[in-house]
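Heads up: numbering here begins at 1 and tracks the sequence. No hydrogens, no waters, no symmetry mates; every other heavy atom, side chains included, goes into these values.
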Amino acid sequence: MKQQTLAIIKPDATKRNLIGEILTCMERNGFTIKALKMLHLTSEQAEGFYAEHKGKDFLPKLVTFMTSAPIVVLVLEGENAVENYRELMGATKVELRKSGTIRKMYGLGLTENSVHGSDSEESAKREIAYFFTPNEIMN
């Protein structure tokens, strides 16, 4: 089933000039880029995006990290895109990352893990709408 998901190339990766390599990895693994933009999040934007984590201890550190440099937000499309992209990203926990995943190849640590991906179809719809209007997403 064709599906769309949100992907973010995080500040640790943009600072290290890994945008092209990560995009290539996405495309080589069967994803089509339907929308893409680079932006520098404000604290308000980062807090809004991570609203589900409001009140959690890690949120201030996450907001500081996500606003530390530009990010690239993308809409990826492919078969079972949410699940398949999560597989390509790899585990959040460093010790669980498998060879060939984006986080294993480029991640620096738990927070500085280079990429984000929606965790469900519902999250994907909400997260895509947070960054893109319908007319910004190619058919």
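At a threshold of 4.5 Å between non-hydrogen side-chain atoms, the residues Tyr85 and Asn29 do not count as touching. In this structure, the side chains of Thr32 and Lys34 come closer than 4.5 Å at one or more pairs of heavy atoms. For the pair Val72 and Leu36, the minimum side-chain heavy-atom distance is below 4.5 Å. Counting heavy atoms from C-beta on, the side chains of Phe132 and Val73 come closer than 4.5 Å. Taking the side chain as every heavy atom from C-beta outward, Leu76 and Ile33 approach each other to under 4.5 Å. With contacts defined as side-chain heavy-atom distances shorter than 4.5 Å, the pair Leu88/Phe31 qualifies. You'll find the side chain of Lys10 reaches within 4.5 Å of the side chain of His116, heavy atoms only. Met89 is not listed as a side-chain neighbour of Asn113, based on a closest heavy-atom distance of 4.5 Å or more.
Within a 6.0 Å radius of CD in Gln45, other residues, nucleotides and ligands contribute more than 12 heavy atoms. Counting heavy-atom neighbours within 6.0 Å of Asp57 CG, excluding the residue itself, gives a total of 12 or less.
With no hydrogens or angles considered, a side-chain donor-acceptor pair links Arg103 and Thr92 at under 3.5 Å.
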Next on the checklist: Between Ile137 and Gln4, is the side-chain contact (heavy atoms from CB on, under 4.5 Å) condition met? List the steps.
Outcome noted: CA-CA 10 Å; Ile137 301 168; Gln4 292 185 339; 3.9 Å; yes

Next on the checklist: Set out, in order, the CA-CA distance, both residues' side-chain angles and the distance that settles side-chain contact (heavy atoms from CB on, under 4.5 Å) for Ile71 and Leu41, then state yes or no.
Outcome noted: CA-CA 8 Å; Ile71 62 169; Leu41 290 178; 3.6 Å; yes

Item to check | Stepwise salt bridge (charged side-chain N to carboxylate O under 4.0 Å, His left out) test for Glu87 and Lys98 | outcome: CA-CA 9 Å; Glu87 222 172 272; Lys98 293 181 181 160; over 6 Å; no

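Shortest non-hydrogen contact noted between Met26 and Ala7 is CE-CB, 4.0 Å. Pro70 and Met38 make their closest contact through CB-CE, 3.8 Å (heavy atoms, listed as atom of the first residue, atom of the second, distance).
Between the CD1 atom in Ile8 and the OG atom in Ser114 there is a gap of 12.5 Å [rounded to 0.5 Å]. Taking OG from Ser99 and NZ from Lys104, the interatomic distance works out to 7.0 Å, rounded to the nearest 0.5 Å. With values rounded to the nearest 0.5 angstrom, Arg86 atom CZ is found 9.0 Å from Ser120 atom OG. For the atom pair Arg16 CZ and Ile22 CD1, the distance stands at 7.5 Å (nearest 0.5 Å). In this structure, the separation between OH on Tyr50 and CG on Leu59 is 9.5 Å, given to the nearest 0.5 Å. From Ile19, atom CD1 reaches atom CD1 of Ile9 across 6.0 Å, with rounding to the nearest 0.5 Å.
Qualifying salt bridge (Lys or Arg N to Asp or Glu O under 4.0 Å) partners for Lys15, counting only residues two or more places apart in sequence or in other chains: none. Residues that satisfy the side-chain contact (heavy atoms from CB on, under 4.5 Å) test with Met105, not counting sequence neighbours, are Cys25. Contacts of Lys2 classified as side-chain contact (heavy atoms from CB on, under 4.5 Å), with partners at least two apart in sequence or in another chain: Glu77, Glu79. Considering only residues two or more places apart in sequence or on other chains, Tyr130 meets the ring-ring contact (aromatic ring centres under 6.0 Å, His included) condition with Phe49. Ala51 pairs by the side-chain contact (heavy atoms from CB on, under 4.5 Å) definition with nothing, not counting sequence neighbours. Legend: residues meeting salt bridge (Lys or Arg N to Asp or Glu O under 4.0 Å) with Glu52, ordered by chain and number and at least two apart, are Arg126.
Figure legend: cation-pi geometry between Lys37 and Phe131 absent, as NZ or CZ is not positioned both under 6.0 Å from the six-membered ring centre and within 45° of its axis.
Between Glu47 and Lys54 there is no salt bridge, since none of the side-chain N atoms of the basic residue sits less than 4.0 Å from a carboxylate O of the acidic one.
A side-chain contact (heavy atoms from CB on, under 4.5 Å) with Ile128 is found for one member of Leu74, Val75, Thr5 and no other, namely Val75.
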